[in-house]
Asks: 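My questions all concern the structure below.
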Amino acid sequence: MTDEQAALFQRGSRGYNHLFGVAYRLLGSVHDAEDAVQDGFTRWQELSEEQRQFIREPIAWLTRVVSRVCPDRLGSAMARRERYHGIWLPEPMVGEPASTVGSIHQNLPEGSRLSPNSDPADIVTQDESVSIALLVTMEQLTAPQRVSLILHDVFQVPFAEIAEIVGRSPEACRQLATAARKKVLSPRRAEGHGATRDQVVEAFARACADGDMESLAAVLDPDVVSRADGGKSVRVARRLIRGQREVAHYLLGVLSLEWRQRGDLDVSMELVNGYTGVVVRRAADLVWVMDLEVVDGSIGAIALIANPDKLNARPDSVPVCLSSGLLPLRQGPGSPRPYVHTSQTAVGRS
């Protein structure tokens with residue numbers, strides 16, 4: 001690899017982020033994705049200089065290698081998740097989305113790529129594919145289904161190439177992707193970006209910071225579902241919590257307990273896997289990360305990640321805060337209304 005090529009794949013570069021984006025979508029785990037990317041680099045290093053000269057596009061070659069590595073890792077990861085203590089949720093990406101750098105098949109014949117006339121309701125979009133909600137839903141897929149769906153819908157890899165990766169025929173891979181799509185795409189598509197989502201998330205964050213049960217319940221869908229992942233060390237519900245009042249009472253209860261046991265918390269709106277979410281910190285440490293699924297102006301699902309192994313495992317890589325407003329929680333839920341500050345308004349006791 002030339003110096004120019006080597007720079008392309010340094011951590012944080014466009015090439016590295018692309019490969020990580022592929023692996024993270026396929027595996028749903030930051031650690032496993034990083035390992036898969038490293039496996040790809042190792043296989044590149046094992047090539048002779050002569051072999052590398054025949055590879056015109058290193059990023060395309062490495063994408064195929066990483067895509068082949070992931071199914072094996074996914075099988076062992078699924079086995080570990082079956083033995084997980086409580087509900088398993090993906091490691092969140094706070095502050096920055098796990099993004100790709102455009103198509104790696106820019107020179108393919110037009111017929112091998114997604115049609116520009118494709119109905120967006122019939123494909124998994126690039127943004128959607130990295131959301132916590134969809135990563136959780138994809139846990140019900142087999143490894144070949146997940147690989148076929150993500151590589152085709154998100155990265156526009158032709159089924160002929162996917163067939164070489166999963167060891168099936170192109171038509172079988174097409175059917176795998178179709179079956180996967182039916183399983184994961186809800187008829188009620190969540191609101192990704194925009195003012196409506198931001199308003200709902202801000203109302204949720206304010207209610208959590210204020211300890212306001214009524215306001216919190218009001219922003220939740222009547223059939224809202226909450227999932228929480230605390231691993232072995234954090235006490236959270238080990239089962240799904242359903243319903244407006246039940247979820248509101250549960251969230252404020254565990255937030256109040258956290259505040260009483262450990263002191264001041266900061267609640268902020270930040271990007272969680274590329275979407276506006278809610279993050280709870282104590283000083284520089286992440287305490288909670290909440291991914292919110294907003295549908296029709298209310299929150300239909302909450303994924304709460306509180307497992308410290310998934311939040312603060314790499315202190316040197318804490319991402320830049322992209323908050324749209326800091327909501328300091330200084331008195332705890334249930335206390336008199338604390339001073340709440342956002343970038344738009346300042347509300348407090350007179």
Side-chain angles (χ1 to χ4, degrees), residues 84-92 94 131-137 139-140 186-192 196-231 234-262 265-270 272-273 275-281 286-307 310-311 327 329 331-335 337-338 340:
Y84 194 76
H85 190 75
I87 297 173
W88 178 90
L89 291 174
E91 293 166 81
V94 179
S131 72
I132 295 288
L134 192 64
L135 289 173
V136 170
T137 304
E139 287 298 298
Q140 64 184 299
S186 168
R188 298 176 66 202
R189 299 297 284 268
E191 296 172 16
T196 298
R197 177 183 178 87
D198 290 347
Q199 290 167 6
V200 171
V201 174
E202 182 176 359
F204 176 90
R206 281 181 175 276
C208 288
D210 292 350
D212 188 336
M213 175 74 73
E214 295 303 321
S215 295
L216 183 56
V219 81
L220 302 178
D221 186 85
D223 298 317
V224 62
V225 176
S226 174
R227 297 173 174 85
D229 178 349
V234 177
R235 293 182 59 184
V236 293
R238 307 297 181 189
R239 59 178 179 82
L240 300 182
I241 307 295
R242 299 178 183 273
Q244 265 176 324
R245 305 296 298 184
E246 292 80 1
V247 170
H249 185 270
Y250 163 69
L251 289 177
L252 293 186
V254 292
L255 190 57
S256 179
L257 178 63
E258 181 73 29
W259 174 80
R260 290 198 305 269
Q261 289 182 339
R262 301 184 184 182
L265 303 171
D266 289 327
V267 181
S268 60
M269 292 170 58
E270 303 181 29
V272 176
N273 283 50
Y275 293 88
T276 310
V278 176
V279 174
V280 179
R281 281 191 171 88
L286 293 171
V287 178
W288 287 7
V289 172
M290 287 184 277
D291 175 83
L292 308 174
E293 188 175 41
V294 178
V295 180
D296 297 332
S298 61
I299 296 171
I302 301 169
L304 190 165
I305 300 99
N307 184 349
K310 295 184 177 183
L311 300 180
L327 307 177
L329 177 57
Q331 301 181 33
S335 302
R337 182 180 179 84
V340 177

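If you read the sequence from its start, that first residue is 1, and numbering goes on from there.
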Asks: Taking the side chain as C-beta and beyond, is there a heavy-atom pair between Tyr250 and Leu255 under 4.5 Å?
Replies: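 No, their side chains stay 4.5 Å or more apart.
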Asks: With a 4.5 Å cut-off on side-chain heavy atoms, are Ser298 and Val219 touching?
Replies: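 Heavy-atom side-chain distance check fails, nothing below 4.5 Å.
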Asks: Taking Leu89's backbone N and O only, do any of them form a donor-acceptor pair with Lys310's side chain (distance below 3.5 Å, no angle check)?
Replies: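 Yes.
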Asks: Looking at Glu214 and Arg245, does any basic side-chain N land under 4.0 Å from a carboxylate oxygen?
Replies: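 The answer is yes: the pair qualifies as a salt bridge.
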Asks: When you measure from the side chain of Asp221 to the backbone N and O of Asp223, does any donor-acceptor pair fall under 3.5 Å?
Replies: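 Present.
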Asks: Are Asp229 and Leu304 packed together at the side-chain level, in the sense that at least one heavy-atom pair is separated by less than 4.5 angstrom?
Replies: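 They are not in contact (no side-chain heavy atoms under 4.5 Å apart), so the answer is no.
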Asks: How many angstroms lie between SG in Cys208 and CG in Leu265, if you round to the nearest 0.5 Å?
Replies: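 Answer rounded to 0.5 Å: 11.0 Å.
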Asks: Please give me the minimum heavy-atom distance between Ala205 and Met269, naming the atom from each residue.
Replies: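 Nearest pair, atom of Ala205 first, then Met269: CB-CG, 4.2 Å.
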Asks: Counting C-beta onward and ignoring hydrogens, is there a side-chain heavy-atom pair between Leu216 and Leu252 closer than 4.5 Å?
Replies: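 Yes; the side chains approach each other to less than 4.5 Å.
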Asks: In sequence, state the C-alpha distance, the side-chain angles, and the governing distance for Leu292 and Val200, and then conclude on side chain to side chain contact (heavy atoms under 4.5 Å, CB included).
Replies: CA-CA 9 Å; Leu292 308 174; Val200 171; over 6 Å; no
Asks: Checking the side chain of Arg238 only, and the main-chain atoms of Ile87 only, is there a donor and an acceptor separated by less than 3.5 Å?
Replies: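 Not a single qualifying donor-acceptor pair exists.
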Asks: How close do Ala306 and Trp288 get, heavy atom to heavy atom, and via which atoms?
Replies: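 For Ala306 and Trp288, the tightest heavy-atom pair comes out as CB-CD1, 3.8 Å.
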Asks: Do Arg281 and Val94 have side chains that approach each other closer than 4.5 Å (heavy atoms only, starting at C-beta)?
Replies: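 Heavy-atom side-chain distance check passes, below 4.5 Å.
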Asks: For Asn273 and Ser131, does a side-chain donor sit closer than 3.5 Å to a side-chain acceptor?
Replies: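 No, no side-chain donor-acceptor pair sits under 3.5 Å.
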Asks: So, for Val224 and Gln244, which heavy atoms are closest and what is the spacing to 0.1 Å?
Replies: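 So the minimum-distance heavy-atom pair works out to CG1-N, 3.9 Å.
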Asks: Is Arg242 salt-bridged to Glu246, going by a charged N under 4.0 Å from an acidic O?
Replies: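 Here Arg242 does not pair with Glu246 in a salt bridge, since their nearest N and O are not under 4.0 Å apart.
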Asks: What distance do Glu91 atom CD and Leu135 atom CG have between them, rounded to the nearest 0.5 Å?
Replies: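 Answer for the CD-CG pair, Glu91 versus Leu135, is 11.0 Å.
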Asks: Do Phe204 and Val294 make a side-chain contact, defined as non-hydrogen atoms from C-beta onward lying under 4.5 Å apart?
Replies: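 Sidechains of Val294 and Phe204: no contact.
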Asks: If I compare all heavy atoms of Pro92 with all of Val272, which pair ends up nearest, and what's the gap?
Replies: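 Smallest heavy-atom distance, with atoms named: CB-CG1, 4.4 Å.
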Asks: Counting C-beta onward and ignoring hydrogens, is there a side-chain heavy-atom pair between Leu311 and Ile305 closer than 4.5 Å?
Replies: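 Of all side-chain heavy-atom pairs linking Ile305 with Leu311, at least one is under 4.5 Å.
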Asks: Under the side-chain contact (heavy atoms from CB on, under 4.5 Å) rule, collect the residues that match up with Gln140, sequence neighbours excluded.
Replies: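 If we apply the side-chain contact (heavy atoms from CB on, under 4.5 Å) test to Gln140, skipping adjacent residues, the hits are Thr137, Lys183.
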Asks: Between the side chain of Asp291 and the main-chain N/O of Glu293, is any donor-acceptor distance below 3.5 Å?
Replies: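 It does not hold such a pair.
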Asks: What distance do Glu270 atom CD and Leu286 atom CG have between them, rounded to the nearest 0.5 Å?
Replies: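 The CG atom of Leu286 is 7.5 Å from CD of Glu270, to the nearest 0.5 Å.
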Asks: When you compare the side chain of Val267 with that of Val278, does any pair of heavy atoms fall below 4.5 Å?
Replies: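 Result yes, sub-4.5 Å side-chain heavy-atom pair found.
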Asks: Quick one: pull up CD1 in Ile241 and OG in Ser226 and give me the separation to the nearest 0.5 Å.
Replies: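 The OG atom of Ser226 is 6.5 Å from CD1 of Ile241, to the nearest 0.5 Å.
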Asks: Grab the two heavy atoms, one from Ala303 and one from Ile132, that are nearest each other, plus how far apart they are.
Replies: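 Looks like CB-CG2, 3.6 Å.
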Asks: Roughly how far apart are Met290 CE and Ile302 CD1, rounded to 0.5 Å?
Replies: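 Separation between the atoms: 7.5 Å.
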